[in-house]
Amino acid sequence: MTEDHSLLAPPEHAPAIPITIDWEDESRTLTTVLTTHLWAAPPLERDAPAHDRAFQALRDLNVDYARFLPWFSNPLVSVPALSAPTATGTSWDFSRLDPYVEDFMNAAEGRPVVANFATIPHWMFVGGDQIEIGGDRDHIHWDYEQGVQFRDQTLEEVADYFYRIASWYIAGGFVDELGVRHESGHRYRFAQWEVLCEPDLNRRMTPETYTRLYDAVVARVRTLDPEMEFVGLSLSHVHHNPEYFWHFLDPSHHAAGIPLDAFSVHFYASPDIVNPFGPEGNPPAAQWETAFFTQADGFIEQLRYIRSIADRLSPDTRMLLNEIGTYPSDVMNPNPSIPADYWALSAAVQSYLWARSLEIGADLFGVAEFNGYPGMIPGTSLVDWETGEPNARYRALKLLVESVRLGDVIAPTTTGYPGFPDARVYAQAFTGSGRSRTVVLVNKRGVPIDVELDVWIEPSILRSVDVTTGNRAPRGQHTSGGRFTLEPYATAVLTRG
């Protein structure tokens with residue numbers, strides 16, 4: 001008997017990619033928070049040209065759990081105690097950091113936020129006090145995190161340092177190492193406190209050392225706000241050593257009573273980095289598309305493994321993907337020349353990864369980062385570092401934030417013909433309140449692609465961020481059926497009109 005393969009064969013003339021949606025399956029709902037993170041960088045200082053527009057853009061994004069990260073590359077801002085205490089005085093000074101925190105909290109407008117004051121002072125490490133900082137607030141200190149051995153092996157010195165920072169912002173002030181009270185007047189609430197950022201990278205902490213430090217910091221800081229949750233690991237995109245997860249997520253490795261509320265990982269796709277300071281020698285832009293999406297698929301497979309470890313050891317601990325982005329090869333180029341199409345491509349990658357992360361059960365997806373700038377990974381930025389105006393990455397993020405909601409039903413969605421999924425386009429459908437229907441579509445290619453949704457006959461609106469829109473607001477067009485064209489690198493949302 002001859003088998004019937006007719007369902008596996010496409011029609012003779014079928015330029016459009018078919019998209020099939022099971023609207024009747026209501027087994028999964030959207031629980032992944034979509035957000036971003038901002039860090040203390042010179043383009044966002046109060047006297048900088050981009051400041052006002054950038055913080056307005058953050059306010060307009062209207063996201064929960066935005067993350068604030070003063071990073072080590074700018075220690076004159078991120079480290080409020082630049083020198084070790086002496087018998088006669090301390091160096092505590094929040095005058096550089098406070099404006100960033102105040103403006104970030106004002107932009108949040110009462111929504112829950114995440115604090116990550118990640119940088120440990122250099123003088124707390126053996127040999128770290130040899131680092132020269134200088135007085136240039138704009139200088140990028142890539143070499144700040146020198147030293148891997150703590151001078152205080154009990155880690156109490158580090159825990160006390162973070163307790164004092166937390167007290168400054170949560171409890172109105174603190175008592176320093178010499179018994180002197182410092183008043184701040186701040187009474188902020190942070191929904192979560194993340195302990196360090198990428199400790200596996202420059203400091204190269206072992207899983208055992210990081211776990212001890214996490215416990216020490218949490219034990220001190222949690223006394224300031226019993227409702228505040230804590231996030232651990234915050235591992236870099238360079239590698240995801242399974243031992244970090246196996247060790248940290250095992251409750252038996254923690255002190256009694258220390259919570260394991262959430263853990264976080266990062267991912268940035270990039271081409272080969274032959275020359276980080278300029279374009280010479282690096283892969284051409286025509287190859288970035290393949291590199292980005294191939295690495296994105298690899299990251300999803302890593303997440304499946306990480307999720308399985310967490311489910312086995314600590315199933316109630318939430319998984320946060322709180323730094324997700326891309327960048328070109330010349331990450332530290334002081335004069336970047338980023339192709340215009342890159343921003344839509346990067347937006348397509350982040351949108352694709354967000355949609356894929358839903359199937360893994362990620363609890364948060366943070367598009368990184370709100371503000372990059374020349375010499376400091378500019379390709380990760382969501383806004384223009386000179387003007388603060390949103391770019392295509394911001395526009396795509398905002399489009400998704402406005403189009404889908406927590407609690408929406410995730411409808412199983414496939415592209416291509418039975419047995420042959422079409423990798424050029426990714427689609428994910430949702431059913432919202434009032435039985436509204438929304439389809440998110442991502443064109444992973446730099447050419448227009450036609451798609452056709454089955455049994456979609458309603459008048460609809462297709463909004464798209466793509467190569468043709470550039471950094472402008474999404475383009476909207478009315479459609480009368482389920483067949484339409486996705487522009488190159490489109491992040492598109494189809495809704496009933």
| query | With distance as the sole criterion, is a donor-acceptor pair present between the side chains of Arg463 and Ser403 under 3.5 Å? | reply | yes

| task | Take the angle between the ring planes of Phe263 and Phe245 and call it parallel below 30°, perpendicular above 60°, tilted in between. | result | perpendicular

| Donor-acceptor side-chain pairing of Asn106 and Glu102 below 3.5 angstrom | no

| request: Please work out whether the ring planes of His247 and His253 are parallel, tilted or perpendicular, with thresholds of 30° and 60°. | output: parallel

| Looking at the rings of Tyr144 and His122, which for Trp means the six-membered one, are their centres under 6.0 Å apart? | yes

| query | Does a side-chain heavy-atom distance below 4.5 Å link Met228 with Gln192? | reply | no

| message | Between Asp297 and Arg356, does any side-chain N to carboxylate O distance fall below 4.0 Å? | response | yes

| is_close_aromatic(His237, Tyr268), centroid dist under 6.0 Å | yes

| field | Residues Glu229, Arg318: salt bridge by 4.0 Å N-O rule | value | yes

| message | With a sphere of 6.0 Å drawn around CZ of Arg312, does it hold more than 12 non-hydrogen atoms of other residues, nucleotides or ligands? | response | no

| query | Is a side-chain N or O of Ser314 found less than 3.5 angstrom from the main chain of Asp316, in a donor-acceptor match? | reply | no

| task | For His240 and Tyr305, run ring-ring contact (aromatic ring centres under 6.0 Å, His included): C-alpha distance rounded to whole Å, both residues' side-chain angles, the deciding distance at 0.1 Å, then the answer. | result | CA-CA 10 Å; His240 289 133; Tyr305 178 50; over 10 Å; no

| said: If we ignore hydrogens and angles and just use 3.5 Å, is the side chain of Thr469 paired with the main-chain N or O of Arg472 as donor and acceptor? | reply: no

| field | Phe150 and Phe125 aromatic centres sub-6.0 Å | value | yes

| Within a strict 4.5 Å, meaning less than it, do heavy atoms of the Val231 and Val195 side chains meet? | no

| query | Between Leu233 and Val265, is a side-chain contact (heavy atoms from CB on, under 4.5 Å) present by the stated rule, with each step listed? | reply | CA-CA 7 Å; Leu233 292 183; Val265 296; 5.8 Å; no

| request: Answer yes or no: is there a side-chain heavy-atom contact under 4.5 Å between Leu34 and Leu397? | output: yes

| query | Just checking, is any N or O donor in the side chain of Asn322 or His37 under 3.5 Å from an acceptor N or O on the other one? | reply | no

| message | Between Thr326 and Tyr342, do the side chains contain a donor N or O and an acceptor N or O under 3.5 Å apart? | response | yes

| Shortest non-hydrogen contact from Ala118 to Leu69? | CB-CD1, 3.7 Å

| field | Residue of the set Phe162, Tyr169, Tyr188 for which ring-ring contact (aromatic ring centres under 6.0 Å, His included) holds with Phe117 | value | Tyr169

| said: Under a 4.0 Å threshold between the charged nitrogen and the carboxylate oxygen, would Glu45 count as salt-bridged to Arg137? | reply: yes

| query | Are any side-chain N or O atoms of Asn116 and backbone N or O atoms of Leu196, one a donor and one an acceptor, separated by less than 3.5 Å? | reply | yes

| Under-4.0 Å salt bridge between Arg220 and Asp160 | yes

| message | Using only atom types and a distance under 3.5 Å, with no angle test, would you say the side chain of Thr29 pairs donor to acceptor with the backbone of Val409? | response | no

| request: Would you check if Tyr244 and Ile309 make a side-chain contact, meaning some heavy-atom pair closer than 4.5 Å? | output: no

| So do the side chains of Tyr161 and Ile120 get within less than 4.5 Å of each other, counting heavy atoms only? | no

| task | Measure the acute angle between the ring planes of Tyr426 and Tyr352, then classify it against the limits of 30° and 60° as parallel, tilted or perpendicular. | result | perpendicular

| said: Within this structure, what is the CE-CZ distance for the pair Met332 and Phe277, rounded to the nearest 0.5 Å? | reply: 4.0 Å

| task | Could you tell me how the ring of Phe248 sits relative to the ring of Tyr210: parallel (under 30°), tilted (30 to 60°) or perpendicular (over 60°)? | result | tilted

| field | For Asp466, the option from Arg395, Arg475, Lys444, Arg445 that meets salt bridge (Lys or Arg N to Asp or Glu O under 4.0 Å) | value | Arg475

| message | Is it the case that the side chain of Ser381 and the backbone of Gly372 share a donor-acceptor pair, with hydrogens and angles ignored and the cut-off at 3.5 Å? | response | yes

| said: Between Arg307 and Asp311, does any NZ, NE, NH1 or NH2 come within less than 4.0 Å of an OD or OE carboxylate oxygen? | reply: yes

| task | Mind checking the CG-CG spacing from Asn471 to Asp384? Nearest 0.5 Å is all I need. | result | 8.0 Å

| query | Taking the six-membered ring for Trp, are the ring centroids of Trp39 and Phe68 within less than 6.0 Å of each other? | reply | no

| task | For Ser234 and His266, test the side chains for any donor-to-acceptor distance below 3.5 angstrom and give the result as yes or no. | result | yes

| Pair Glu227 + Arg189, salt bridge at N-O below 4.0 Å | yes

| Any donor and acceptor pair, going by atom type alone, linking the side chain of Glu289 with main-chain N or O of Ala286 inside 3.5 Å? | no

| Side-chain (Arg53) to main-chain (Pro49) donor-acceptor, under 3.5 angstrom | no

| query | Ignoring hydrogens and geometry, is there a side-chain-to-backbone donor-acceptor pair from Thr317 to Leu260 under 3.5 Å? | reply | yes

| For the atom pair CD (Gln428) and OG1 (Thr413), what is the distance rounded to the nearest 0.5 Å? | 4.0 Å

| Residue pair Val440 / Ser351, side-chain heavy-atom distance below 4.5 Å | no

| query | Does a side-chain heavy-atom distance below 4.5 Å link Met124 with Asp152? | reply | no

| remark: Correct closest heavy-atom pair for Ala255 and Asp215 would be N-OD2, 2.8 Å

| request: Taking only Lys NZ, Arg NE, NH1 and NH2, and the carboxylate oxygens of Asp or Glu, determine whether Arg212 and Glu208 approach each other closer than 4.0 Å. | output: no

| message | Could you tell me if the side chain of Glu198 sits less than 4.5 Å from the side chain of Asp200, heavy atoms only? | response | yes

| task | Verify whether one side chain among Asp98 and Trp168 offers a donor that lies under 3.5 Å from an acceptor in the other. | result | yes

| field | Least distance between heavy atoms, Val383 atom then Asn391 atom | value | N-ND2, 3.7 Å

| query | Is there a donor-acceptor pair closer than 3.5 Å between any side-chain N or O of Ser329 and the backbone N or O of Asp272? | reply | yes

| said: Tell me if the aromatic rings of Phe55 and His51 count as close, with their centers under 6.0 Å from one another. | reply: yes

| Pairwise distance OG1(Thr31) to CG(Asp363) - rounded to 0.5 angstrom | 6.0 Å

| query | Has the side chain of Ser264 got a donor or acceptor atom that lies under 3.5 Å from a matching backbone atom of Leu321? | reply | no

